[in-house]
Amino acid sequence: MIDKELIKKVRLIQFRSSRIVNDILAGEYKSVFKGSGMEFEEVRRYEPGDEIRSIDWNVTARMGEPYIKRFREERDLSVMFLVDTSASGLYGGAAESKNEIAAQITSLLALSATKNNDKVGLLAFSDEVEKYIYPKKGVPHVLRLVSDILSLKAKSKGTDIAMALGYLAKVCKKRCLIFIISDFIDTGYEKALRVIEKKHDVVAISLRDRQEVELPNCGLVELVDAETGESYMVDTSSAALRREFARLAAEKSEYLQKSLRSMGIDHVGVEAGSEYIPELVKFFRMRERRRLIG
């Protein structure tokens, strides 16, 4: 992709994302994702209706009348995008590849974070760290992240989610919000995910293409594993083969959902070629309901 084409694509994503963020997501994001704690703001006289638990007894004793401590939420939040750029993300039976959709979702969520004055960072990975960008504020910084995801030519084809989580645990010392955007075509990452979930707020966004779930009936074809290079000749006209393919895909999807649920990690499933904005809005509203209840 030449530079002009990349710039055009980034600007198009920015235009679409900004409109959606302004119209739909920014308010949803702010109500769901909170800062890292509470910051002291002032001490003032107690007024009827104030929480008794807020009374500062030391100041009250000195002044001879009740005073309370007031705190405000630390809105400043660091948001890290852990984006899978392995070879399987280049696949796409739909108009856009999974990597392109990952860039779009990153743009939407990162612009929502920026609108709320949060810092945004990126860790792009395959089976090695492909790029790390330290969290910063501002729209130009977000556009750089999107440009890097779209233009990045990964040095490696494989996927190692555990390695990426381990790296992130080393560089993110303070609690942050982590979005993992991947097709999760990997194994053995569950332990690393449990470790990082203990300290950080983690959200998994899984990407899949329809042809990874339903094998089309198009006769004898060669299937190639994008990450290993292994190829297989299969007869897709076989109904039994297509059913088995769909069954295995459903099992993998169910396993991922159960694993994430058991860890208390929220999950959003996105399919290439389908509308993912409603899924994100549904997720935000679910988190908001849960916050209000709990």
Min side-chain heavy-atom separation V43-M63 under 4.5 Å | no

Cluster check Y189, V268: I/L/V/M/F/W/Y, side chain < 4.5 angstrom | no

Taking atom CD of E254 as the centre, does the number of heavy atoms from other residues, nucleotides or ligands within less than 6.0 Å exceed 12?
-> no

Check G138 against T114 and note the closest heavy-atom contact, atom names and distance.
-> C-CG2, 3.7 Å

Mark yes or no for whether R175, through its side chain, and K199, through its backbone, hold a donor-acceptor pair below 3.5 Å.
-> yes

Would you confirm whether S107, through its side chain, and A103, through its main-chain N or O, come within 3.5 Å as a donor-acceptor pair?
-> no

salt_bridge(E212, K252) N-O dist < 4.0 Å = no

Which distance, rounded to the nearest 0.5 Å, do you find between the CG of L145 and the NZ of K131?
-> 10.0 Å

Taking atom types as modelled and ignoring hydrogens, do the side chains of N99 and S97 form a donor-acceptor contact shorter than 3.5 angstrom?
-> no

Do any N or O atoms from the side chain of N116 and from the backbone of D118 form a donor-acceptor pair under 3.5 angstrom?
-> no

Does any non-hydrogen side-chain atom of E251 lie less than 4.5 Å from one of R247?
-> yes

Just do the side-chain contact (heavy atoms from CB on, under 4.5 Å) check on Q104 and V270 with the steps written out, would you?
-> CA-CA 12 Å; Q104 293 172 23; V270 172; over 6 Å; no

Is V171 close to M80 at the side-chain level, that is, under 4.5 Å between some pair of heavy atoms?
-> no

Given side chains that start at C-beta, do those of K115 and L25 come closer than 4.5 Å, heavy atoms only?
-> no

Check whether any side-chain heavy atom of F125 sits under 4.5 Å from a side-chain heavy atom of D84, and report yes or no.
-> yes

Do L150 and V10 have side-chain heavy atoms sitting under 4.5 Å apart?
-> yes

How long is the span from the OH atom in Y67 to the OG1 atom in T60, to the nearest 0.5 Å?
-> 8.5 Å

Verify same cluster id: I185, F245 (apolar side-chain graph, 4.5 Å) | no

Take atom CZ of R44 as the centre, draw a 6.0 Å sphere, and report whether it contains more than 12 heavy atoms from other residues, nucleotides or ligands.
-> yes

More than 12 non-hydrogen atoms from neighbouring residues, nucleotides or ligands closer than 6.0 Å to NZ on K155, yes or no?
-> yes

Nearest-0.5 Å distance that lies between atom CZ in F184 and atom CD1 in I205 | 9.0 Å

Determine, using the 4.5 Å side-chain heavy-atom cutoff (strictly less than), whether V203 and V142 are members of one ILVMFWY cluster.
-> yes

Is there a path from I178 to I265 through hydrophobic residues (I, L, V, M, F, W, Y) whose side chains come within less than 4.5 Å of each other?
-> yes

Okay, side chain of R210, backbone of A272: is any donor-acceptor separation there less than 3.5 Å?
-> no

If two hydrophobic side chains count as joined below 4.5 Å and joins carry through other members, does L248 share a cluster with Y255?
-> no

For the pair S238 (side chain) and D235 (backbone), establish whether a donor and an acceptor sit closer than 3.5 Å, ignoring hydrogens and angles.
-> no

Answer yes or no: is there a side-chain heavy-atom contact under 4.5 Å between M286 and R290?
-> yes

Can you name the nearest heavy-atom pair linking K69 to D56, along with the distance?
-> CE-OD2, 2.8 Å

Please name the pair of heavy atoms, one in K98 and one in S88, separated by the smallest distance, quoted to 0.1 Å.
-> CE-O, 3.1 Å

Check whether any side-chain heavy atom of I55 lies under 4.5 Å from a side-chain heavy atom of I52, and answer yes or no.
-> yes

Please say whether more than 12 non-hydrogen atoms of neighbouring residues, nucleotides or ligands are located less than 6.0 Å from NZ in K8.
-> no

Taking the side chain from E130 and the backbone from S156, do they hold a donor-acceptor pair closer than 3.5 Å?
-> yes

On a heavy-atom basis, the closest approach of S206 and H267 is OG-NE2, 2.7 Å

Any donor and acceptor pair, going by atom type alone, linking the side chain of S126 with main-chain N or O of T85 inside 3.5 Å?
-> no

Nearest-0.5 Å distance, CG of residue L108 to CD1 of residue I20 | 5.0 Å

Specify whether Y29 and F284 have parallel, tilted or perpendicular ring planes, treating 30° as the upper limit for parallel and 60° as the lower limit for perpendicular.
-> perpendicular

Which pair of heavy atoms, one from M163 and one from D127, lies closest together, and at what distance?
-> CE-C, 3.5 Å

State whether the number of non-hydrogen atoms from other residues, nucleotides or ligands found under 6.0 Å of Y232 atom OH is greater than 12.
-> yes

Write down the atom of T236, the atom of C218, and the distance for their closest heavy-atom approach.
-> OG1-N, 2.8 Å

